[in-house]
Peer 1: 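Encoded as structure tokens, here's the structure I'll be asking about.
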Amino acid sequence: MTWMRSPSGSSPLSIIASVSRTIEFKTPAQMAIMAKAGVIVERALAAARAAAVAGATTADLDAAAAQVIADAGATSNFYGYHGFPATSCVSVNEEVVHGIPGARVLADGDVVSVDCGAIVDGWHGDSAVSFIVGEPLSHQDVDLVEQTRRSLWAGIAALSTATRLDTVSAAIEDVADAAGLFPLEGYVGHGIGTAMHQAPDVLNYRARGKGARVQPGLCIAIEPMLVIGTGDSEVLDDNWTVVSADGSRAAHWEHSVAVHDKGIWVLTASDGGASGLAPWGVAPVAP
Ligand code: MG
Ligand code: MG
């Protein structure tokens with residue numbers, strides 16, 4: 001799930017006020033528990049994606065994810081989060097993030113983003129994927145999904161050598177720029193650990209300031225949200241669903257990543273991010 005950078009949006013403002021700005025640094029042992037939660041999230045997302053066929057409802061995807069989390073003996077961190085009524089966010093086409101799963105029926109060519117999380121022994125994981133149902137309607141949709149995925153891995157790769165988080169933000173923005181896509185404004189990644197949303201903010205675009213220092217113990221959810229049209233958005237009357245202001249399509253990819261004294265490890269990937277990072281010349285190291 002994403003984070004709102006400034007209280008200018010119309011989503012629940014109490015979420016912002018409730019979060020400490022102190023960074024929680026994790027030990028390698030704590031990271032190892034977070035990785036357990038992370039791979040359950042990876043499996044839940046795979047199950048949701050497998051359920052995403054034409055004719056399925058977004059609630060079907062959510063049920064598949066929820067079953068994996070329950071079977072693993074883990075707990076959903078999305079369900080009940082400030083009243084959120086499901087285990088995952090399922091956002092379709094012009095919906096960017098925080099879509100509520102329900103009766104919406106998927107069709108071939110829909111661009112679907114699923115965002116999900118889990119808790120194991122009090123430690124959180126959070127990840128998201130985007131994909132196209134059946135046959136794509138356009139090359140533009142294919143590029144949207146692929147370049148958003150690529151911007152995530154660019155950001156994770158940048159984290160491996162970054163001293164401040166602005167390096168990660170710049171790497172994401174550069175991929176978006178080159179692809180002609182726009183980072184959603186106002187919604188950002190976040191620290192993660194004993195809560196789903198913690199300090200620091202992880203921006204998907206350059207901003208004033210260098211961002212938090214990157215040092216061992218930092219665990220963050222990096223989550224580019226890229227839109228074809230502009231970065232402007234609106235929140236629907238359900239007070240959750242974020243849609244692009246111009247109705248253009250959007251994609252969202254996310255991983256939770258740990259920084260430790262020997263390197264980085266993608267907590268929400270069973271290979272630690274090895275396959276995603278290989279094109280960037282980075283090898284993950286287990287904490
Ligand atoms: Mg998420
Ligand atoms: Mg998140």
Side-chain angles (χ1 to χ4, degrees), residues 1-5 9 11-12 15-16 18-19 23-24 34-35 37-49 58 61-62 65-66 68-69 74-82 84-92 95-101 112-120 123-131 148-149 151-153 155-156 159 165 168-169 172 183-184 186-204 212 218-226 233 240-242 250-258 266-269 273:
M1 195 175 277
T2 71
W3 184 245
M4 280 143 283
R5 184 175 178 230
S11 276
I15 296 177
I16 290 183
S18 65
V19 167
I23 296 175
E24 175 189 81
M34 290 180 70
V39 296
I40 293 167
V41 177
E42 180 184 43
R43 295 210 310 270
L45 290 172
R49 182 172 187 165
T58 52
L61 278 58
D62 186 63
V68 169
I69 291 170
T75 309
S76 170
N77 41 12
F78 282 38
Y79 193 85
Y81 181 83
H82 295 270
F84 190 77
T87 299
S88 61
C89 301
V90 182
S91 308
V92 184
E95 299 171 351
V96 190
V97 288
H98 301 171
I100 300 174
V112 178
S113 302
V114 183
D115 186 356
C116 189
I119 310 169
V120 170
W123 293 93
H124 290 244
D126 184 10
S127 183
V129 297
S130 291
F131 51 85
T148 306
R149 190 190 70 84
S151 74
L152 169 61
W153 288 106
I156 297 171
L159 179 69
L165 283 182
V168 174
S169 305
I172 293 168
L184 183 71
Y187 295 83
V188 299
H190 49 90
I192 183 166
T194 56
M196 177 161 58
H197 289 144
Q198 300 182 326
D201 290 343
V202 184
L203 278 61
N204 297 313
L218 183 71
C219 292
I220 54 173
I222 302 175
E223 50 180 317
M225 296 151 261
L226 302 186
S233 63
W240 281 102
T241 311
V242 178
H252 175 214
W253 282 85
E254 175 179 23
H255 274 303
S256 301
V257 188
V266 178
L267 298 161
T268 42

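Read the numbers this way: they start at 1 and go in the same order the structure lists the ligands and their atoms.
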Peer 1: Using modelled atom types only, decide if a donor and an acceptor are shared between the side chain of N77 and the backbone of G125 within a distance under 3.5 Å.
Peer 2: yes
Peer 1: Under the side chain to side chain contact (heavy atoms under 4.5 Å, CB included) test, which residues partner S88, sequence neighbours left out?
Peer 2: D62, V90, P101, V114, C116
Peer 1: Would you confirm whether S169, through its side chain, and N204, through its main-chain N or O, come within 3.5 Å as a donor-acceptor pair?
Peer 2: no
Peer 1: Output all residues satisfying ring-ring contact (aromatic ring centres under 6.0 Å, His included) with W153, sequence neighbours left out; order by chain, then residue number.
Peer 2: H255
Peer 1: Checking only N/O/S atoms, does H197 have one that is under 2.8 Å from the Mg ion (ligand 2)?
Peer 2: no
Peer 1: Under 2.8 Å from the Mg ion (ligand 1), how many protein N/O/S atoms do you get? Just the number, please.
Peer 2: 5
Peer 1: Quick one: list whatever passes ring-ring contact (aromatic ring centres under 6.0 Å, His included) with H124, sequence neighbours left out.
Peer 2: none
Peer 1: Given the side-chain rings of Y81 and H197, with only the six-membered ring counted for Trp, is the space between their centroids under 6.0 Å?
Peer 2: yes
